[in-house]
Amino acid sequence: DAKTTQPPSMDCAEGRAANLPCNHSTISGNEYVYWYRQIHSQGPQYIIHGLKNNETNEMASLIITEDRKSSTLILPHATLRDTAVYYCIVRGVGTSYGKLTFGQGTILTVHP
Amino acid sequence: DVKVTQSSRYLVKRTGEKVFLECVQDMDHENMFWYRQDPGLGLRLIYFSYDVKMKEKGDIPEGYSVSREKKERFSLILESASTNQTSMYLCASRPQHGSSYNEQFFGPGTRLTVL
């Protein structure tokens with residue numbers, strides 16, 4: 001599975017959009033981009049995933065560049081409860097029964 | 001809602017003890033996983049199971065074993081606990097098919113301290 005690079009930390013004001021970048025320059029054609037987050041003292045929570053098209057769900061939007069070497073997770077109106085560690089993960093289809101390799105992630109702090 | 005529960009949130013054991021960590025999921029998922037999480041190392045996969053009585057080693061299986069006698073339950077066993085197994089242990093499950101196929105559902109974690 002391809003390696004990902006994320007900034008170690010980011011800040012965001014409550015109510016504003018939080019844009020979290022992820023670099024995955026070695027991604028291959030059949031690998032998906034997944035985002036999870038982990039709120040303090042809880043297990044990780046799935047947010048969204050995509051292959052090459054932009055995706056949106058009730059939690060967030062995922063923008064993947066045309067060359068697929070990077071992506072951005074967008075939380076459109078961040079709240080204090082969005083303070084968490086955000087993990088960008090790249091995983092191939094059908095590999096290891098869904099094994100996820102978590103890196104260090106980005107600590108997002110949403111402040112009032 | 002999918003629910004993954006773990007038997008304890010906090011556990012303190014002594015070196016050499018046999019430790020059982022239990023995980024139960026209520027959504028009939030085929031795949032189940034055990035991870036450990038340590039500062040600076042992220043989550044690392046210990047073992048996973050793709051069906052009842054099936055198990056596969058993950059990235060760091062040494063010192064651990066697992067048991068999956070029933071579909072809903074996946075147990076992690078520390079045969080002889082050591083201080084370097086002090087960690088946060090996370091269980092997850094995932095369906096083999098269906099709309100949630102791409103999503104792993106995690107339990108709240110068990111923070112194990114080995115003295």
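Hydrogens, waters and symmetry mates play no part in the numbers below; they use all other heavy atoms, side chains included. By convention in this document, chain letters (A, B, ...) are assigned in the order of the sequence lines, proteins followed by strands, and residues within each chain are numbered from 1. On a predicted model such as this, the values are computed, not experimentally measured, just so you know.
Lys53(B) has a carboxylate O that lies under 4.0 Å from a charged side-chain N of Glu69(B), or vice versa, which qualifies the two as a salt bridge.
Only the side chain of Arg9(B) has a heavy atom closer than 4.5 Å to any heavy atom of chain A. Looking at Glu30(B), neither its backbone nor its side chain comes within 4.5 Å of chain A, counting heavy atoms on both sides. Residue contact with chain A, scored on non-hydrogen atoms closer than 4.5 Å, involves the side chain of Leu90(B) exclusively. Only the side chain of Gln104(A) comes within contact range of chain B, with heavy atoms under 4.5 Å apart.
Heavy-atom pairs under 4.5 Å with chain A peak, among Gly107(B), Gly40(B), Cys91(B), at Gly40(B).
Using non-hydrogen atoms only and a strict 4.5 Å limit, no part of residues 79-89 of chain B faces chain A.
Between the side chain of Asp26(B) and the backbone N or O of Lys3(B), at least one donor-acceptor pair lies under 3.5 Å. Side-chain N or O atoms of Thr4(A) include one that pairs as donor or acceptor with a backbone N or O of Cys88(A) at under 3.5 Å.
Sequence neighbours left out, not one pair with a member in residues 11-20 of chain A passes side chain to side chain donor-acceptor pair (under 3.5 Å).
Note: the hydrophobic cluster containing Tyr64(B) does not contain Phe33(B) (ILVMFWY, side chain heavy atoms under 4.5 Å, direct or indirect links). Residues Val90(A) and Trp35(A) share a single hydrophobic cluster, defined by chaining ILVMFWY side chains whose heavy atoms lie under 4.5 Å apart.
For Thr83(A), there are no side-chain hydrogen bond (donor to acceptor under 3.5 Å, both in side chains) partners, not counting sequence neighbours.
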Indicate every side-chain donor-acceptor pair of residues 13-20 of chain B with a distance under 3.5 Å to a residue at least two apart or in another chain.
residue	atom	partner	partner atom	Å
Thr15(B)	OG1	Leu115(B)	O	2.7
Glu17(B)	OE2	Arg14(B)	N	2.7

